[in-house]
*Asks:* 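Sending over a structure as structure tokens; questions will come in a sec.
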Amino acid sequence: FIKLLKEQHPGKSLLVTTNTPTGKRVLKKHFPDVLHSYLSLDWKWLNYHLIKCIKPGCALIIETEIWPKLFRSLKNKNIPLIIFNGRVSHKTLRAQQRFAGAYRFALDKVTAILARSETDKTNFLTLGAPADKTEAVGNIKYTASVNTDVSAIELGRPYVLAASTRDGEEKFIVYALQDMLADNLLVIAPRHPQRLAEIENDLADFNLNIAVRSRNEPVTESTQVYLADTLGELGQFITGSQFVLMGGAFLSFGGHNILEVGQAAKAVIFGTHMDNFSDEAASFLAANAAIQVSDDQELKQAVLQLINQPDEAMQMGNHGQALMKHNAGIAQTYLDKISSLCKF
């Protein structure tokens, strides 16, 4: 989106705020010339100072940052405020009764809410968003990196990737697949690599031959599980895999984004707890690009199915990539709508 914005409105200055140093590093890596700031606390006098300093012509909020006092300050200065790719998590919905007044107050100040799905549109309305300002546009993440080639990590053997696993999921996956690990390599890329010691402890009872990437331990013919406890390599592991088991949904963590798997033309298996990505899950299932499993036995059968029928795994991956390409124009749709509302 930033790339499109810079190309089509080259004379406009852009300030991006983040709340973490990691966010800043990602921004500066891809767009070193874009201004950055941490967003101030939602205090009236800080908002006044922020707006006075930067004099924004338009304010864009991506996904679900709801700052009541900032929104009011922007409204008082007649600065267009647009939430785009808007999403409402189940956590936010559960807090709706507790913060109903604050949500309604803040969302009333917004110029427009461009939601990523009909479900998110409905959820914004539940939070108190004005119906005449809220519409569903689509998920901008379908656009991300569609045309970017990611080099594959090769390990000398074919491997199945368990990506972005969360607490306890490594044990769940290995328990389901233990009978086939004598002949197949499983790569586990945990969501939080600092959990390495915990993961090793969880897997100790299986008596597997495990290699750890951060220790530069090699993958040999006898390696059964490879723990990819590194940052910044997930995309390369996805590209190099036979297919992907996406973590976050085998246990109740709300799921993780599966779009990068579709971009890489890989089949994906996930669990039933895709609460935060239910629309993406439904789209992939409808396109025959994914398999959803409800327990360890179904996971085992799904993995065996794709290992024994590689053509089917490849076809599912192609379906996912086609779905991504079909939705690749969403970023431009967002920019067109935002440009008309902000009058760039």
Side-chain angles (χ1 to χ4, degrees), residues 26 29-30 144-165 169-170 173-174 176-196 199-200 203 206 208-248 256-270 284 289-291 299-300 302-325:
V26 171
K29 175 183 176 182
H30 295 286
S145 304
V146 167
N147 299 313
T148 300
D149 292 325
V150 177
S151 59
I153 289 178
E154 303 288 350
L155 299 177
R157 293 172 54 191
Y159 61 87
V160 175
L161 175 67
S164 297
T165 53
E169 289 191 316
E170 298 86 9
I173 292 168
V174 169
L177 306 184
Q178 57 185 319
D179 293 342
M180 63 186 76
L181 292 179
D183 302 311
N184 298 279
L185 175 62
L186 174 67
V187 174
I188 298 177
R191 182 74 166 185
H192 304 113
Q194 64 270 26
R195 293 180 49 244
L196 175 61
I199 295 169
E200 289 184 299
L203 302 185
F206 294 99
L208 298 170
N209 189 326
I210 298 175
V212 179
R213 188 166 181 81
S214 64
R215 298 177 190 149
N216 295 315
E217 296 173 355
V219 172
T220 67
E221 285 301 316
S222 62
T223 303
Q224 296 168 287
V225 174
Y226 187 54
L227 297 180
D229 59 328
T230 52
L231 290 171
E233 295 185 315
L234 182 60
Q236 292 173 276
F237 274 112
I238 290 173
T239 302
S241 69
Q242 295 168 277
F243 53 89
V244 176
L245 319 179
M246 182 55 71
H256 289 312
N257 191 354
I258 56 176
L259 301 185
E260 189 174 5
V261 182
Q263 291 162 12
K266 300 295 178 179
V268 60
I269 300 171
F270 48 77
F284 270 63
I291 299 174
L299 175 59
K300 178 180 179 179
V303 171
L304 279 173
Q305 175 183 334
L306 296 186
I307 286 178
N308 293 331
Q309 301 178 52
D311 288 346
E312 180 181 355
M314 183 180 296
Q315 186 177 47
M316 289 177 64
N318 291 337
H319 289 162
Q321 190 175 62
L323 179 65
M324 298 297 299
K325 290 180 177 179

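Note that the structure is a prediction, hence the values are computed from the model and not measured. The residues of the chain are indexed from 1 along the displayed sequence.
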*Asks:* If you define the side chain from C-beta out and look only at heavy atoms, does anything of I258 sit under 4.5 Å from F270?
*Replies:*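 Contact flag for I258/F270 side chains = yes.
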
*Asks:* Which atom names give the shortest non-hydrogen contact between P218 and T223, and what distance separates them?
*Replies:* O-OG1, 3.9 Å

*Asks:* Applying side-chain hydrogen bond (donor to acceptor under 3.5 Å, both in side chains), can you list everything that pairs with E154, at least two apart in sequence or on another chain?
*Replies:*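 None.
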
*Asks:* Determine the minimum heavy-atom distance between T165 and P190, stating which atoms define it.
*Replies:* OG1-CA, 3.3 Å

*Asks:* Where do I291 and Q305 come nearest, in terms of heavy atoms and distance?
*Replies:*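 Shortest heavy-atom separation between I291 and Q305 comes out as CD1-NE2, 4.2 Å.
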
*Asks:* In this structure, are over 12 heavy atoms from other groups packed under 6.0 Å from M180 atom CE?
*Replies:* yes

*Asks:* Tell me the closest heavy-atom pair linking N318 and A265, and the distance in Å.
*Replies:* OD1-CB, 4.2 Å

*Asks:* Looking at side-chain heavy atoms only, is the closest gap between V160 and V187 below 4.5 Å?
*Replies:*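 Side chain of V160 against side chain of V187, heavy atoms only: no contact under 4.5 Å found.
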
*Asks:* Would you mind listing every side chain to side chain donor-acceptor pair (under 3.5 Å) that reaches into residues 176-196, with sequence neighbours excluded?
*Replies:* D167-R195, E170-R195, D179-K300, R195-E198

*Asks:* Any donor and acceptor pair, going by atom type alone, linking the side chain of E217 with main-chain N or O of V212 inside 3.5 Å?
*Replies:* yes

*Asks:* Between P158 and L185, is any pair of side-chain heavy atoms under 4.5 Å apart?
*Replies:* no

*Asks:* Are the side chain of K266 and the backbone N or O of Q242 linked by a donor-acceptor pair below 3.5 Å?
*Replies:* no

*Asks:* On a heavy-atom basis, which atom in M246 and which in V268 lie closest, and how many Å separate them?
*Replies:*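 Scanning both residues completely, I find the closest heavy atoms to be CB-CG2, 3.9 Å.
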
*Asks:* Quick one: does D229's side chain have a donor or acceptor within less than 3.5 Å of a partner on L196's backbone?
*Replies:*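 Between the backbone of L196 and the side chain of D229 there is no qualifying donor-acceptor contact (under 3.5 Å).
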
*Asks:* Is Q321 reaching over with its side chain to a backbone N or O of Q263, donor-acceptor style, under 3.5 angstrom?
*Replies:* yes

*Asks:* Looking at Y159 and F237, would you say the former's side chain and the latter's main chain have a donor-acceptor pair under 3.5 Å?
*Replies:*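 Side chain of Y159 to backbone of F237, a donor-acceptor pair under 3.5 Å: yes, one is there.
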
*Asks:* For R213 and L155, which heavy atoms make the closest approach, and how far apart are they?
*Replies:*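 Smallest heavy-atom distance, with atoms named: NH1-CD2, 4.4 Å.
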
*Asks:* Do L245 and L161 come close enough that some side-chain heavy atom pair is under 4.5 Å?
*Replies:*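 L245 does not reach L161 side chain to side chain.
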
*Asks:* For N209, does its backbone N or O pair with a side-chain atom of Q224 as donor and acceptor, under 3.5 Å?
*Replies:* yes

